[in-house]
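Input: a single structure, listed below in structure tokens.
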Amino acid sequence: MAKSGTLEVGAIPYDVFDTVIAKYNGDPTAIISILQDIQEHLDYVPKDGISYLAEKLGVSPAKIYGIVTFYAQFRLQPKGKYIIMLCEGTACHVNGAKMVGKAIEEELNIKGGETTGDGNFTLEKVACIGCCSLSPVMVINEETYAKLTPESTRKILKEYQEREAAAQN
Amino acid sequence: MQQGKTVIKVGFSTCGIAAGGNKVYEVLTKGIAKDNLQVVLQKTGCIGMCYLEPIVDVITPEGNLFSYGGVTEENAIRIMEEHIKQGQPPEDLLINKEREEVVGQQVRIALRNCGIIDPESMNDYRESGGYKAIEKALLEMTPEKVIDEVLRSGLRGRGGAGFPTGLKWRFTRQYQSNQKYLVCNADEGDPGAFMDRSIIEGDPHAVLEGMMIAAYAIGASEGHIYVRAEYPLAIIRLDKAIKDMKEAGLLGNNILGSGFNFTLKIKKGAGAFVCGEETALIASLEGERGMPRLKPPFPAEAGLWKKPTCINNVETFANVPWIILNGAEKYAAYGTEKSKGTKVFALAGKAKRGGLIEVPMGITLKEVIFGVGGGIRDDKKFKGVQLGGPSGGCIPESLLDTPVDYDSVGKTGAIMGSGGMIVMDETTCMVDMARFFSNFVQNESCGKCIHCRLGTKRMLEILNRITEGKAQPEELDLLEEIAYNVKEGALCGLGQTAPNPVLTTLNYFREEYVSHIMDRKCPAKVCYELLTYTIDPELCNGCRRCSKRCPTEAISGNKKEPHVIDQEKCIKCGNCFDTCRFKAVLVD
């Protein structure tokens, strides 16, 4: 559960909140769309902004927090530069998604829902991305990788890591 | 479509794009511009042969179709050079014969335009008879007549429950209210199903026209499409289609001069499986947590904002214009006595030809899997097929002659569901499958009722213990008991059906559970805690690939001499098995 009383003031991008709230005329029933728009702008829903949003919409912070944590789409932490969406749908599961997931976790040393220390990769395990006939599948940002094996997965991740390392130098 | 020109179509659904369709499209675009080729390049939806994507169709001005599958960037250049420029279609890339085999066995009503028209072109849709049905309904039929037609067609809800669509419309119509709503349920959450995504991506106007007809029938002036946020391409295409409809005067007031008013809104879901349940979906539309509500009152009486609301699934709507245009009798000619028409299935898992198919109700599972689906990949042995996703069940080989219709499938303990059909072979562990689905429903349980919230949790814990080899024999009975209790006591469809995968696998594959518990063995060699890895000294040449990959340094041995695995240290990750090039690592 959320720790109460630890709100850090000042870091909240009020302008983004205000623009989005205005777009929906401050309608509290549009809360899911409002949160989706905020996340689209900021990549996540800052926990500290929830009270501000609640005040503007005239609902309780608990209600908004309840919605944010109910729906899988919302994140309370910023994500990495590359989002790895690993499909864990049925078709991917029977074709070995578990081993692919293990390969990613080992290679990047993170678990589902976590971000690497350098902020480069976030691993998200999702239910189904609907490419069942190409399973097992992962999507890194916009790019889809199909018919994965643990080996090919490691290779793909290494390529990303090398690209990042080259960009650093 | 332009007359007199060759048309090139590239499969541009999520599956086609994932397989590289966008790169092929780019290559073709550049090639056509460079050589100023006199052809029309188009995007189209998914023909359903997802395993052969990217698919490129070349249609000559005479209407002859040349279909190419698995097209790479190099092959795209060959198609342009050899086919378009020299008039010599590269035979080795053609899939016409296979396409005939796969598509020829189907009856495509909901999928009638998918993979054929450009989904982003309203003109294409109109040229294939689009918006003729709403014209007929608005100008020649009363709402009662429309309902009667749909009722007589025998169309039942394609989202899974199979409630007669016409009846649902009649119930909603009979309630008097100053405002009624129509909702399209496009929250396709069943992992392993992609019928609705493909229909929206391939033929969005068909769904929207179906919605217009339904709205007219029930007397609704406002429509909502609740679509998964995980389907960005579907949302883009719906957006474009709605914009085009507005421009063409098909949305707004006094549509086609008939006095019928209708507006459409897209609402993105935020990732909650339970929102496929209609009262949870309504709660989500109202900006609440998507938790189911008690029925009655049913949505037909008090749904969205407590107004009469009718909710139908994507595929249901896609059938409606065809029924209105071709008549109820023609639709009802397909199928069985109680399940009329056709059904779209997403065939995946270990089927050779994974993809989207539409077949008449009543054909057998065997015909679907071994006929249209081409059998099992790598010619392995068929073990079972999961119908209806996490709410459905696993049907064994002995029941392969079961006809695919609501009642026959229901009798097996599975459900027809929305159309996910996952084929499993001898390498699939049924206990692991049951665990997989229980894990899914446990994660997705909204937590409102105790049976689902705690019952699925206890079931998952037992299944985890079984797959880890820690379960006691009496836990099997306990698992069954909890499963029946959850089924009877849960508030909504999610909980009531959540035990189905467990109950059907217990019923048909009980011996696998017993091996896990009594022998501590996983016959399919999937549950890794139960596996033992050893190295065959005859086959091992001491290359050291495995010992380098072992995370716990459990493998030892001198270079160029057979290695051994220390069972105390082994964590059964399987890295050695995957790495060995000489098949020297054995698993039992």
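The sequence lines fix the lettering, A, B, ..., with proteins before strands; numbering per chain opens at 1. Values in this document were obtained by computation on a predicted structure and should not be read as measured data.
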Nearest heavy atoms of B/G290 and A/Y71, plus distance in Å:
N-OH, 3.0 Å
Residue B/A351 versus chain A: region with a heavy atom under 4.5 Å
neither
If you tally heavy-atom pairs under 4.5 Å against chain B, which of A/V126, A/I34, A/D27, A/L134 wins?
A/L134
Bottom line for B/I17: the part with an atom under 4.5 Å from chain A's heavy atoms is neither
Lys/Arg N to Asp/Glu carboxylate O, B/K23 vs A/E143, below 4.0 Å:
yes
Side chain / backbone / both / neither for B/R197 at chain A, heavy atoms under 4.5 Å:
side chain
For the residue pair B/A229 and A/Q73, what are the closest heavy atoms and their distance?
CB-NE2, 3.8 Å
Measuring heavy-atom distances to chain A, does B/R353 have an atom under 4.5 Å in its side chain, in its backbone, in both, or in neither?
neither
Of the backbone (N, CA, C, O) and the side chain (C-beta and beyond), which part of A/I67 lies under 4.5 Å from a heavy atom of chain B, both, or neither?
both
Output the option from A/M99, A/K98, A/K147 having the highest count of non-hydrogen pairs under 4.5 Å with chain B.
A/K98
Side chain / backbone / both / neither for B/F437 at chain A, heavy atoms under 4.5 Å:
side chain
Below 4.5 Å from any heavy atom of chain B, which atoms of A/T149 appear? Answer side chain, backbone, both or neither.
neither
Under 4.0 Å between a Lys/Arg side-chain N and an Asp/Glu carboxylate O for B/R549 and A/E151?
yes
What part of B/S284 is in contact with chain A, defined as an atom under 4.5 angstrom from a non-hydrogen atom: side chain, backbone, both or neither?
both
Is chain A contacted by the side chain of B/C429, its backbone, both, or neither, given a heavy-atom distance below 4.5 Å?
neither
Using non-hydrogen atoms only, which part of B/N575 is less than 4.5 Å away from chain A: side chain, backbone, both, or neither?
side chain
Might you point out which heavy atoms bring A/I31 and B/G287 nearest each other, and give the distance in Å?
CG2-O, 3.2 Å
Would a distance-only check, ignoring hydrogens and angles, find a side-chain to backbone donor-acceptor pair under 3.5 Å from A/T90 to B/P191?
yes
Chain A contact via B/A346 - which portion, at a heavy-atom distance below 4.5 Å
neither
Can you tell which part of B/E288 gets under 4.5 Å to a heavy atom of chain A, answering side chain, backbone, both or neither?
both
